[in-house]
There are 2 protein chains.
Amino acid sequence: MPKDTFFNLPEEKRQRIIEAAIDEFATHPFQQARVTAIADQAGIAKGSFYQYFADKKDLYTYLMGLMFQKKISYLNQDLMENRGKYPFFQLLREVFISGIRFAKENPRLVPIGMMLVNDKQLYHEIFGHYEDASIEFFRKMLEEAKDQGEIDPVIDPKLAATMLIGMLYSLTDFLIEDGKLDLDDMAIIDQMLYFAENGLKKKD
Amino acid sequence: MPKDTFFNLPEEKRQRIIEAAIDEFATHPFQQARVTAIADQAGIAKGSFYQYFADKKDLYTYLMGLMFQKKISYLNQDLMENRGKYPFFQLLREVFISGIRFAKENPRLVPIGMMLVNDKQLYHEIFGHYEDASIEFFRKMLEEAKDQGEIDPVIDPKLAATMLIGMLYSLTDFLIEDGKLDLDDMAIIDQMLYFAENGLKKKD
DNA sequence: CTACAATATGAATGTGCGGTCATATGAATG
DNA sequence: CATTCATATGACCGCACATTCATATTGTAG
C-alpha cells in the first residue's frame, strides 16, 4: 500500500504519477521498469517517489489493484450476480464483450496485464498462490453449463476453459498490438461466439 | 553468429554451453538472464564466453535459431510439403500433434519461446519485422481450406488463425506449467480438434 | 626446443539503477 | 516572528552485471 503522503497529495499530482507509472509499466516488464523514468515523467524528484511508496513493487501492486477493479467494473453486474439464471452462451458473450471493450478503452492497460500473466513468479507474489483466477472462473461456468445440459458432455471443462482464455488473451493482444482486422468489434465477438458455441454446444 | 572459436570447440564442451544457456533462458527472460550464470553452469570462465560470442544476444539469437529448426523438425515433412492434397482438419491435427509432442519432449524450450513471444521488441530484433509467422501460417491454411469449401464461409481467416494460435499457446503453457489435466495427450488433441472442427467446419 | 598463434582466464572497468539520507522548503500554529 | 511538523529534493551509496583486457596456458609447425 502507498503511504499516507501519497493519498494526501492533490488529486492532479496523484493522477500524474499514476499515468506516468502506467506509461512505464505498459512498455517495460516490471524488472525493467525504471523508478527514475516514472519520477521524471511525473515531474517529481526521485526522492519524492519514496515518500509515497515503499518501493517499486508497492506502486506496481497498487496499480494492479486499480486495474483489477476497473476490469471488474466492465462486467454487467446483474448478469454476474445472477449467473445461474442465464444461459451459458449469453454469459460468455457478456464476458467477451466486456473484455474487448475494456481492452479498447484502456489499451495501455492490456500489455501490463499480459506481462504480469507471463511473469508467474511476480503474479503469485501479488495475487497469492491460487490457480489462475480467470481459468477457474471459466471452468466453473462450464461445469455448471455442463450440468444444465447446455454443453457437450465430452468437453472437459478445465481444458475448454484454458482454450477459451487463450483465445481471448491472444485476440485482445492482437487487437491492441497491430489490430489489422477488417471487422468491427461486434463482428469479432460474434465470430468468437459462433466459434465457441459450435465447438462446445451439446449436439442433438 | 557465434565466433569460429565456438565451432572449433569439442562437441562435448559446446553442448555444455548450450545446455547451460537453455537452463538460464528457460528460467529468466532475456534481460535478466545472466552471462555469469551460464558461464558458471557450463564450467567455463566468464572471459571465455566472450571468446565464443560477441555478447549475450549473440548466443540468444543462435539458440533461437536452433530451437526454430528443432520445432520445424517435428512437423511431418510429407504432409507439409504436399499441403494442398490433404484435408484441412488433418493438417490441423498434425500441427497440433507436433506442437504438443515438441512441448512434451522439450519442456525447457517452451518457456523460452513464450518469453520471446511476449517480448515484442526482442522478437522483432531477432526475427525481423514481419507479421507473426505462425499466425500467417494458420491464416494461409485457413484461406485455402475456405476456398476448398472445407470451412464455414462466415469465418474470417485471420481472426480464426489468431484464435487457434491462442488456444495452442495457452494450452502448451498450461501443460508445461502445472499440467494437471486428467486426460492423456491424445485425448487433449482430440478435444481441441473437436472444438476447432465444430467451430470452423462448413455447416450443411 | 623454439617461436608463433589460438585459446583460456578472472581481475578490473564502466554503467545503470534502486533505494537512502541529510538538507531545504513551506505550511500551520500560537 | 518562532517553532514544529510534513513534504520535497537530488546528491550519494552500494550492488549487480555485461563487457574488456592484460596475462597465462596450450597447441602447432619447423
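Chain identifiers are assigned alphabetically (A, B, ...) following the order of the sequence lines, protein sequences preceding nucleic acid strands; residue numbering begins at 1 within each chain.
Closest contact between the side chain of Ala45(B) and the listed nucleotides dT7(D), dG10(D), dG10(C) involves dG10(C).
Rounded to an integer number of Å, the gap from CG of Asp55(B) to C1' of dA18(D) is 9 Å. Counting to the nearest Å, the C1' atom of dG19(C) and the NZ atom of Lys56(A) are 11 Å from each other. The interatomic distance linking Tyr60(A) (OH) with dG18(C) (P) rounds to 15 Å, in whole Å. Look at CZ on Arg34(B): it is 5 Å from P on dC17(D), rounded to the nearest Å. For the pair Phe6(B) CZ and dT7(C) P, the interatomic distance rounds to 13 Å; values are reported in whole Å. Put simply, NE2 on His28(B) is 16 Å from C1' on dA18(D), counting in whole angstrom units. Note: NZ (Lys57(B)) to C1' (dC17(D)) measures 17 Å, nearest angstrom. Taking atom NZ on Lys46(B) and atom C1' on dT23(D), their separation rounds to 17 Å, with Å as the unit.
Pairing for dG30(C) goes to dC1(D), judged as Watson-Crick or G-U wobble with the two contacts each under 3.5 Å.
Among Lys146(A), Lys140(A), Arg139(A), the one residue that satisfies the side chain to side chain donor-acceptor pair (under 3.5 Å) test with Glu143(A) is Arg139(A). The only member of Leu116(B), Asp132(B), Thr61(B), Leu122(B) that meets side chain to side chain contact (heavy atoms under 4.5 Å, CB included) when paired with Phe127(B) is Leu116(B).
Phe53(A) comes within contact range of no nucleotide atom at all, as no heavy-atom separation falls under 4.0 Å. The residue Ala33(B) sits close only to the backbone: its heavy atoms come under 4.0 Å of sugar-phosphate atoms, none of a base.
Donor-acceptor pairing under 3.5 Å is recorded for the side chains of Asp78(B) and Tyr86(B). For Asn198(A) and Asn198(B), the side-chain atoms include no donor-acceptor pair closer than 3.5 Å.
The side-chain tip of Lys56(A) points at the ring of Phe30(A) from less than 6.0 angstrom away and within 45° of straight on.
Put simply, Asn8(B) has a side-chain N or O that comes within less than 4.0 Å of OP1 or OP2 on dT7(C). Listed pair Thr36(A) / dC17(C) fails the phosphate criterion, with no side-chain N or O lying under 4.0 Å from OP1 or OP2. Residue Ser48(B) places at least one side-chain N or O closer than 4.0 Å to OP1 or OP2 of dT9(C). Taking 4.0 angstrom as the limit, Tyr50(A) places none of its side-chain polar atoms (N or O) nearer than this to OP1 or OP2 of dC21(C). Phosphate contact (OP1/OP2 of dA8(D), side-chain N/O of Lys13(A), threshold under 4.0 Å): present.
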